[in-house]
Structure formats: structure tokens, C-alpha cells
Amino acid sequence: MSRRVAEPDQSLLSLYGHPGPYISAFVIRGDDENIEHRDSQIQQLLARGASRQAVDALTARLALPVYGDVGGQAIIAADDGTTISFTSHEGPAHDWWFLDSLPYAAPLFEWEQWRVPHLTVVAGDAGFEVVEFIPDQEPAVRPAGTDEHEAARRIGRLARDCEVELIAMGGRPEAVDKLLPNVRGTVPAGCEVVAIDDDAGNENSTFADAVVRHVADSVARRTVSALREFRFLLEHGAAAEGVEQTFQFLAAGRGDLLIVHDDPDDTRRAFFGPGAFDVSAIELDSCPNNARMVDLAIRTALLAGMEIRVIPSTGDRGPAEDIGVLVRDPSFSSGGNRRSA
């Protein structure tokens, strides 16, 4: 499957062209009891050096309604008042507020990783019904007919056209049993097809809960696959791990995938200068400014056109110091995939 451009990529690249410092706010939507606390946080941001333009733009964004099944919202405001906003079905555990020289962007990519293109298929008395859950689109409900062979053809066509990674089926067990093998014969390789028994398990568990669990499994498989690829390429000299080596690759504009673990309490800093690839793990005359290490790695990776994978803490299976970069085509010269700044 071709890589779908992640929603945060272009928005962040545009925002990096505006001056910092940046306010990064991750808030629970629909929590009216938090308004007084948010007022206090906004006053603290001003006291710490946030501009009035950034604060006003942030509060204006917070005042706008959000639509759909939204649990959380991320708003990032540049010093001149330029803002970008993202929403997620699942909100943060509590409101987070950051002010730093670069945006706190890692959670945006974690949210994006959960946007797995998938279909749900329900077998009812009136036939088969398909719901499309495709990133950047509203869910779409489509009837698929009453015949399992015709329904399978329609589902397979949708799976190919939308590059679906998961199809979850439920409803009348006898109808699902007939449809399941037909669908598996029509979908592209790499698309998982699962049947969910609505009557099994915990009585509080629903079909939707089961679909969420399977989406989580899909996200985990992506992470495991990325880490396996990273370990393989590391053995062949086409990857780097640890802060120092990773920033050497980033400074050269080298790499196809940045793998990083994010912890909001991780206060490690890295250094940058005026150029897009003036970055270093240590302070240099050419890199007199500093930013949170994870945020600077993400910015540099985006400017280099790299994919970004935010991973959970994986111990020995993950890269040293929770950061690494891999090069899928090690034959190119240093800087061969660098974007022009």
C-alpha cells in the first residue's frame, strides 16, 4: 500500500514557517468544569512569555464548536497568532499546556496512527450493511445487498479502493459464516478480516468495543513491523539509534523513517540553527538555539520528507535512548533525500 500523507504533516510544515515560541494545548472537549482551570493556565502562559496574539488565537479556537465524536482537541499557536487544530475521538487524560521554542507535536502523530482505514460489516435481517471508516472522511454507510457473493464483491472493491487494513464483521452468525470466506477471497493481501461474535464475552462488551480492540491490534502490528525493519537495517548499517547518531543522520537530511518514543516529562534538549538541517545533539556555534529533543527531531524529519512513527516504550526491542532513524535505500549519498529548505 502507498503511504497516505499524515494529516499533521502539511499543517505542521506550514506552522514551522511562523515564529515561535509556540503554545501547544491538548484539551478535553465538553468538559465545562475545566474552564476556570483553563483561564488559570492561560494566565500562566502569558507570565512565561507567550504573546498576547498567540493566547488570543488559542482562546478563539477553543471557543469554536467541534463536530462529531470528538473527545479531545489539540491547538498549536505560533507567536504571531497563526494556529492549527486537530481533534481525536479519545481525549487526553487531562488538559496539557506547553510553551516552547517548537510545537509539542508527537501526540498528533500518535492520534494519526490510530486512524486505521477499516470497514465494519453487519449482517441483519435486511441484508448486509457496510460502514466505511476512512481517515479524513466522514463515516459512510453503504448497503451491500442480501447475497453473500455480491456483498463480498462490493466489500472487496471498497477494500481495494480505500486501501482498507481491517474488516470487522458481526450480526447474524449464520450470515457472517457464509460471508466470511467470500470476503477473504476478494480483499487485497495485508487486509485483515475478522468475525466478531456479538453474544460472546463480557455482557458490557459491544461490537464497537471489539472493533476498537482490533484497530489497536492493527496499530501494534504496524509498530512491531517498523521495529523489526529497524533492527534488520541497523545490522546492515542502514539505520542509527541513540540521540547523537540519530541527529547526525538528521543533520545530513538522511532517512526514510524516524522512530521515537514520546514522554511529556522527557526534558532532554537538542540544538538548532537558522537552517532546516542545522541540528545537533550538542550545542554548537551554528546551533545556538535549543528545543525539546523529540520536537526538534520531528521537525527535522518532516522537513526531510521522512515518515514518523511514535512508539511506546519498548525496552530492549526499541532503539537506544528511545530514538532512531532508518534508511530503506542505503545506496543514496548523504543528503540525497533532503528537501530544499
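Interatomic distance, Arg160 CZ to Ile155 CD1, rounded to the nearest 0.5 Å: 11.5 Å. Rounding to the nearest 0.5 Å gives a distance of 8.5 Å between CG of Asp256 and CD of Glu229. For the atom pair CD1 of Ile42 and OG1 of Thr59, the computed distance is 5.5 Å after rounding to the nearest 0.5 Å. The CD atom of Gln44 sits 11.5 Å away from atom CG of Asp39, with the distance rounded to the nearest 0.5 Å. Considering OG1 of Thr83 and CG of Asp56, their distance stands at 11.5 Å, rounded to 0.5 Å. The CG atom of Asp217 sits 9.0 Å away from atom CG of Leu166, with the distance rounded to the nearest 0.5 Å.
Ile84 and Val310 fall within a single hydrophobic cluster, where Ile, Leu, Val, Met, Phe, Trp and Tyr are joined by side-chain heavy atoms under 4.5 Å apart, directly or via other members. Put simply, Leu102 and Val279 are part of the same group of oily side chains (I, L, V, M, F, W, Y) that touch within less than 4.5 Å, one to the next. Residues Leu284 and Phe277 fall into different hydrophobic clusters, defined by Ile, Leu, Val, Met, Phe, Trp and Tyr side chains chained together at heavy-atom separations under 4.5 Å. Under a hydrophobic clustering in which Ile, Leu, Val, Met, Phe, Trp and Tyr are joined whenever their side-chain heavy atoms come within less than 4.5 Å, directly or via other members, Val121 and Val183 fall into the same cluster. Phe249 and Ile298 fall within the same hydrophobic cluster, where Ile, Leu, Val, Met, Phe, Trp and Tyr residues are linked whenever their side-chain heavy atoms come under 4.5 Å apart, directly or through other members.
Annotation for Val219 and Gln113: closest pair CG2-O, 3.3 Å, computed over non-hydrogen atoms. Met169 approaches Val193 most closely through the heavy-atom pair SD-CG1, 3.8 Å. For the pair Pro103 and Ser24, the tightest heavy-atom approach, listed with the atom from each and the gap, is CA-OG, 3.6 Å. Here the closest non-hydrogen pair linking Gln53 and Asp79 is CB-O, 3.8 Å. Here the closest heavy-atom approach between residue Val294 and residue Ala106 is recorded as CG1-CB, 4.3 Å. Minimum interatomic distance between Ala226 and Ile259 (heavy atoms only, all atoms of both residues): O-CD1, 3.9 Å.
Side-chain contact annotation: Gln73 with Ser85, donor-acceptor N/O pair under 3.5 Å present.
In this structure, Thr300 contributes its side chain and Leu296 its backbone to a donor-acceptor pair below 3.5 Å. Here the side chain of His118 pairs a donor or acceptor atom with the backbone of Val116 at under 3.5 angstrom. Glu321 places a side-chain N or O within 3.5 Å of a backbone atom of Val243 that can act as its donor or acceptor partner. For the pair Ser14 (side chain) and Gln10 (backbone), a donor-acceptor distance under 3.5 Å is absent. Side-chain atoms of His261 come within 3.5 Å of backbone atoms of Ile311 as a donor-acceptor pair (strictly under, hydrogens ignored).
Put simply, the side chain of Thr87 does not reach to within 4.5 Å of the side chain of Trp111, judged on heavy atoms. Looking at Val131 and Leu119, their side chains never come closer than 4.5 Å, going by heavy atoms from C-beta outward. Between Glu132 and Glu138 there is no side-chain heavy-atom pair separated by less than 4.5 Å. Between Ile323 and Leu258 there is a side-chain heavy-atom pair separated by less than 4.5 Å. In this structure the side chain of Trp97 reaches within 4.5 angstrom of the side chain of Asp95, judged on heavy atoms. By the 4.5 Å heavy-atom criterion applied to side chains, Phe230 and Pro319 are counted as neighbours. Contact check for Leu158 versus Val164: no side-chain heavy atoms found under the 4.5 Å cut-off. Using a 4.5 Å cut-off on side-chain heavy atoms (C-beta onward), Arg328 and Leu257 make contact.
For Glu283 and Arg269, the salt-bridge test fails: no basic side-chain N is under 4.0 Å from an acidic carboxylate O. A salt bridge does not link Asp177 to Arg172: none of the charged side-chain nitrogens sits closer than 4.0 Å to a carboxylate oxygen. Ionic pairing of Arg221 and Glu165 is not present here: no N-O contact between side-chain nitrogen and carboxylate oxygen is shorter than 4.0 angstrom.
Between Trp96 and Phe98, the ring planes are perpendicular. Angles over 60° get that label, and only those under 30° would be called parallel.
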Show the numbers, then the answer: is there a side chain to side chain donor-acceptor pair (under 3.5 Å) between Ser218 and Glu192?
CA-CA 9 Å; Ser218 180; Glu192 183 186 20; 6.0 Å; no
For a side chain to side chain contact (heavy atoms under 4.5 Å, CB included) check, start with the C-alpha distance between Arg48 and Gln43, then their side-chain angles and the critical distance, and finish with the verdict.
CA-CA 9 Å; Arg48 290 169 52 201; Gln43 293 306 313; over 6 Å; no
So Thr223 and Arg309, side chain to side chain donor-acceptor pair (under 3.5 Å) or not? Walk me through it.
CA-CA 8 Å; Thr223 296; Arg309 188 80 191 167; 3.2 Å; yes
Evaluation steps, side chain to side chain contact (heavy atoms under 4.5 Å, CB included), between Phe133 and Val211:
CA-CA 11 Å; Phe133 294 92; Val211 172; over 6 Å; no
Go through the steps for Tyr22 and Leu99 under the test side chain to side chain contact (heavy atoms under 4.5 Å, CB included), then give the verdict.
CA-CA 6 Å; Tyr22 301 83; Leu99 179 68; over 6 Å; no
Take Tyr104 and Asp262, measure what side chain to side chain contact (heavy atoms under 4.5 Å, CB included) needs, and give me the verdict at the end.
CA-CA 10 Å; Tyr104 178 33; Asp262 176 60; 2.6 Å; yes
From CA spacing to verdict: salt bridge (charged side-chain N to carboxylate O under 4.0 Å, His left out), Glu241, Arg231
CA-CA 10 Å; Glu241 63 179 339; Arg231 281 294 163 205; 3.5 Å; yes
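Heavy-atom neighbours of Glu244 CD from other residues, nucleotides or ligands within 6.0 Å: at or below the threshold of 12. Few gaps surround CZ on Arg268; more than 12 heavy atoms of other groups in view lie less than 6.0 Å from it. Within 6.0 Å of atom CG in Asp161, more than 12 heavy atoms from other residues, nucleotides or ligands are found, so the atom counts as buried in its surroundings.
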Listing, residues 145-152 side-chain donor-acceptor contacts under 3.5 Å, not counting sequence neighbours, or none:
unit_1 : atom_1 : unit_2 : atom_2 : d
Asp147 : OD2    : His149 : N      : 3.0
Asp147 : OD2    : Glu150 : N      : 2.9
His149 : ND1    : Asn182 : OD1    : 3.2
Glu150 : OE1    : Arg153 : NE     : 3.3
Glu150 : OE1    : Arg153 : NH2    : 2.9
Glu150 : OE2    : Arg154 : NE     : 3.1

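For the pair Arg299 and Phe272, the cation sits on the ring face: its NZ or CZ lies under 6.0 Å from the ring centre, inside 45° of the axis.
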